[in-house]
Amino acid sequence: MKKVFIILLGATLFISCNETKKSDGEAHAAMIESTMKSDSAPQQIGYQISDKGEKISLYGGDMVAVSLWETYIKAHNERDLETIAALNAEKDFMVYGPTGEVIKGTEAHMAFLTTWFEQTNPTWTTKFLITNMYTDKEGKVQQWVTSGHDLTLTVEGEEVKLNQVHDGLIVDGKIKMFTVNERVMVQEQEEKAKE
């Protein structure tokens with residue numbers, strides 16, 4: 001029995017050492033999928049309500065999705081358009097902005113960000129990150145990250161402080177879609193943030 005175990009261990013090490021390195025997106029997708037296949041029962045954390053009024057159970061999601069979103073925000077702060085583009089889904093990528101913008105595709109996203117970065121010099125400070133998932137009617141797991149940020153813009157030489165909440169759909173280790181909701185910070189809130 002020991003010989004069988006040693007042979008299996010050796011074969012496993014050999015295979016894992018010879019496996020080609022996956023891209024970051026593939027690695028994120030594999031980690032998310034393996035977590036969803038784990039033996040432990042997921043913890044329900046709430047529900048989503050469908051357009052028909054049906055309650056769909058939400059469960060705590062995979063922290064790998066949070067890590068992916070943190071990388072995405074960091075790339076925005078660093079003006080790293082290459083990383084942002086690489087983390088966007090290759091097909092059907094969408095952004096719904098806070099003032100009605102609809103951005104379709106990575107090319108349009110990069111054009112928007114290039115102009116916006118130059119005009120406003122945005123900087124995000126992350127305040128919270130939450131991940132959740134549910135199974136849709138087709139049996140496909142939907143992985144989401146919701147995050148809250150303080151955003152500082154420079155508009156015509158003046159600083160503008162905003163709160164933003166992002167809700168991002170992660171599919172196969174890539175950001176498929178996200179929405180941005182925001183409001184201007186009030187003076188009292190800015191003072192509390194400094195404490």
Side-chain angles (χ1 to χ4, degrees), residues 16 19-38 42-43 45 48 58-98 101-134 136 140-154 161-182 185 193:
S16 64
E19 187 177 299
T20 58
K21 184 182 182 295
K22 294 181 178 182
S23 71
D24 287 343
E26 290 172 326
H28 281 293
M31 289 171 150
I32 289 170
E33 188 158 331
S34 70
T35 299
M36 290 181 214
K37 291 180 180 178
S38 72
Q43 178 68 38
I45 60 170
Q48 176 173 316
L58 292 175
Y59 298 93
D62 193 314
M63 290 302 291
V64 173
V66 168
S67 176
L68 177 74
W69 195 257
E70 285 179 304
T71 301
Y72 200 59
I73 296 299
K74 181 180 179 201
H76 280 71
N77 278 332
E78 294 175 352
R79 313 299 184 251
D80 184 352
L81 294 175
E82 186 177 329
T83 296
I84 295 167
L87 293 175
N88 287 351
E90 293 173 17
K91 184 178 178 190
D92 300 326
F93 173 78
M94 297 280 292
V95 178
Y96 296 97
E101 305 91 344
V102 178
I103 301 169
K104 296 180 180 180
T106 295
E107 188 175 321
H109 189 215
M110 295 305 101
F112 172 84
L113 288 178
T114 298
T115 301
W116 191 54
F117 287 165
E118 289 173 4
Q119 292 176 346
T120 65
N121 192 32
T123 304
W124 290 264
T125 303
T126 301
K127 296 299 184 176
F128 69 85
L129 296 128
I130 302 167
T131 181
N132 71 78
M133 63 185 178
Y134 70 93
D136 65 18
K140 186 167 173 112
V141 173
Q142 301 289 318
Q143 177 75 48
W144 290 84
V145 174
T146 303
S147 61
H149 310 270
D150 288 344
L151 172 64
T152 303
L153 303 174
T154 304
K161 304 269 187 178
L162 304 169
N163 287 122
Q164 285 191 335
V165 175
H166 303 158
D167 207 15
L169 174 62
I170 313 299
V171 176
D172 297 328
K174 299 281 189 168
I175 296 158
K176 178 83 170 177
M177 183 273 294
F178 68 91
T179 61
V180 179
N181 295 288
E182 70 182 20
M185 286 178 72

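For the numbers below, each heavy atom of this structure counts, side chains included, while hydrogens, waters and symmetry mates do not.
Using a 30° and 60° split on the angle between ring planes, H109 and F93 fall in the tilted class, from 30° to 60°. Relative ring orientation between F117 and H76 is described as perpendicular, the plane-to-plane angle rising above 60° on a 0-90° scale split at 30° and 60°.
For E78, the salt bridge (charged side-chain N to carboxylate O under 4.0 Å, His left out) partners at least two apart in sequence or on another chain are K74. By the ring pair (Phe, Tyr, Trp, His ring centres under 6.0 Å) test, Y59 pairs with no residue at all, sequence neighbours left out.
For F112, the CZ atom is densely surrounded, since the number of other residues' heavy atoms within 6.0 Å is greater than 12. Crowding of E101 atom CD: a count of heavy atoms from other residues, nucleotides or ligands under 6.0 Å exceeding 12.
When all heavy atoms of A65 and I170 are compared, the closest pair comes out as CB-CG1, 4.1 Å. Across every non-hydrogen atom of S147 and W69, the tightest pair is OG-NE1, 2.9 Å.
Rounding to the nearest 0.5 Å places CH2 of W124 at 6.5 Å from CD1 of I73. Annotation: the span from L151 atom CG to Q164 atom CD amounts to 4.5 Å, rounded to 0.5 Å.
Between V95 and V102 there is no side-chain heavy-atom pair separated by less than 4.5 Å.
No side-chain donor from either of E70 and T126 sits under 3.5 Å from a side-chain acceptor of the other. T146 and D167 share a donor-acceptor pair across their side chains, judged by distance under 3.5 Å alone.
The backbone N or O of M63 sits nowhere less than 3.5 Å from a side-chain atom of S67 that would complete a donor-acceptor pair.
Salt bridge status for K127 with D150: present, with a side-chain N to carboxylate O gap under 4.0 Å.
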